[in-house]
Amino acid sequence: MIRDVPRDQWLYNDRGMVKWLGYFLSDHTQDMADKKVDEVPTHRLPEQDPEVIDRILQDSWQNSKQITLQLNDDGYLNVYNISGIVIGANDNFIYLQTDKMVTINVNDIRHAKLKEGSKPI
């Protein structure tokens with residue numbers, strides 16, 4: 001038996017399926033917290049020469065060492081750090097393995113350094 005109640009007799013205003021099209025609240029909250037941590041601006045490190053950055057990226061790729069990259073963002077007003085291991089390169093892009101794979105334009109890298117205590121995996 002199907003009960004079809006007219007909309008004007010509903011006890012509350014139901015949004016229909018819209019409420020089911022997003023994350024579960026706990027997943028959404030965790031995702032937003034992760035993004036907030038990733039997007040925290042940090043203090044600027046000195047800008048390095050492309051040759052120095054290239055050498056550090058190659059060391060990370062060849063020896064599976066963790067690196068920390070500082071990227072220019074927001075029209076070069078803010079800088080952001082990201083850490084991981086270089087897993088590949090193509091043209092002007094590198095692929096960095098963090099908790100997920102991230103594609104980074106080499107021209108956006110401001111500073112690169114090996115993480116302290118980083119040993120090959």
Side-chain angles (χ1 to χ4, degrees):
M1 177 173 152
I2 298 174
R3 293 189 76 186
D4 191 15
V5 179
R7 194 173 188 100
D8 60 334
Q9 293 180 0
W10 288 5
L11 298 176
Y12 64 95
N13 185 14
D14 187 16
R15 296 178 293 155
M17 289 304 293
V18 173
K19 63 183 175 184
W20 299 106
L21 294 177
Y23 290 108
F24 287 109
L25 182 58
S26 60
D27 292 342
H28 177 69
T29 304
Q30 183 63 42
D31 188 40
M32 294 305 292
D34 291 345
K35 286 182 181 179
K36 184 180 276 188
V37 168
D38 290 343
E39 296 174 356
V40 174
T42 60
H43 65 283
R44 288 181 178 269
L45 296 172
E47 193 160 353
Q48 293 177 323
D49 291 330
E51 295 83 23
V52 174
I53 294 172
D54 184 53
R55 189 174 64 242
I56 294 170
L57 293 175
Q58 285 183 13
D59 188 22
S60 173
W61 179 66
Q62 291 172 347
N63 301 314
S64 298
K65 292 183 179 179
Q66 283 201 335
I67 59 172
T68 300
L69 302 176
Q70 189 171 78
L71 306 176
N72 289 316
D73 197 23
D74 293 338
Y76 304 104
L77 297 176
N78 294 321
V79 293
Y80 299 93
N81 289 344
I82 186 166
S83 296
I85 298 172
V86 177
I87 58 172
N90 186 11
D91 293 328
N92 280 346
F93 295 96
I94 62 164
Y95 303 101
L96 193 70
Q97 183 68 45
T98 60
D99 56 341
K100 56 189 172 200
M101 188 181 77
V102 180
T103 304
I104 298 172
N105 188 334
V106 175
N107 298 325
D108 292 339
I109 300 174
R110 175 182 181 74
H111 188 91
K113 67 177 178 180
L114 289 172
K115 282 187 100 174
E116 294 178 20
S118 176
K119 296 180 181 175
I121 296 177

Worked check of side chain to side chain contact (heavy atoms under 4.5 Å, CB included) between V106 and D54 = CA-CA 9 Å; V106 175; D54 184 53; over 6 Å; no

key: Where S60 and G84 come nearest, the two heavy atoms and their spacing   = OG-O, 4.5 Å

request  = Would you please name every residue forming a side-chain contact (heavy atoms from CB on, under 4.5 Å) with N90, sequence neighbours left out?
outcome  = Y95

task = Could you pull out all residues at least two apart from Q97 that satisfy side-chain contact (heavy atoms from CB on, under 4.5 Å)?
result = I87, M101

key: Residues forming a side-chain contact (heavy atoms from CB on, under 4.5 Å) with D91, sequence neighbours excluded   = none

message = To the nearest 0.5 Å, what is the distance between CD1 on I53 and CD on Q58?
response = 12.5 Å

request  = Quick one: name the residues clustered hydrophobically with F93, using the 4.5 Å side-chain heavy-atom rule over I, L, V, M, F, W, Y, and just say none if it's on its own.
outcome  = none

task = Supply the atom-to-atom distance K115 NZ to I85 CD1, rounded to the nearest 0.5 angstrom.
result = 9.5 Å

message = For I94, run the side-chain contact (heavy atoms from CB on, under 4.5 Å) check against N105, T103, L69 and tell me which one passes.
response = L69

message = Just so I know, are the side chains of I109 and L71 near enough to count as touching, which here means a heavy-atom distance under 4.5 Å?
response = yes

query = Taking the side chain as C-beta and beyond, is there a heavy-atom pair between Q48 and K113 under 4.5 Å?
reply = no

Reported CG-to-CG distance for the pair L57 and L114, which is rounded to 0.5 angstrom = 9.5 Å

request  = Sequence neighbours left out, what passes side-chain hydrogen bond (donor to acceptor under 3.5 Å, both in side chains) with S83? Give chain and number order.
outcome  = T68

key: Spatial distance of atom CD1 (I82) from atom CD1 (I104) [nearest 0.5 Å]   = 4.5 Å

inquiry  = Test: salt bridge (Lys or Arg N to Asp or Glu O under 4.0 Å). Region: residues 55-64. Which pairs qualify, not counting sequence neighbours?
reply    = D59-K65

Single-linkage hydrophobic cluster, 4.5 Å side-chain cutoff, L96 and L45 together = no

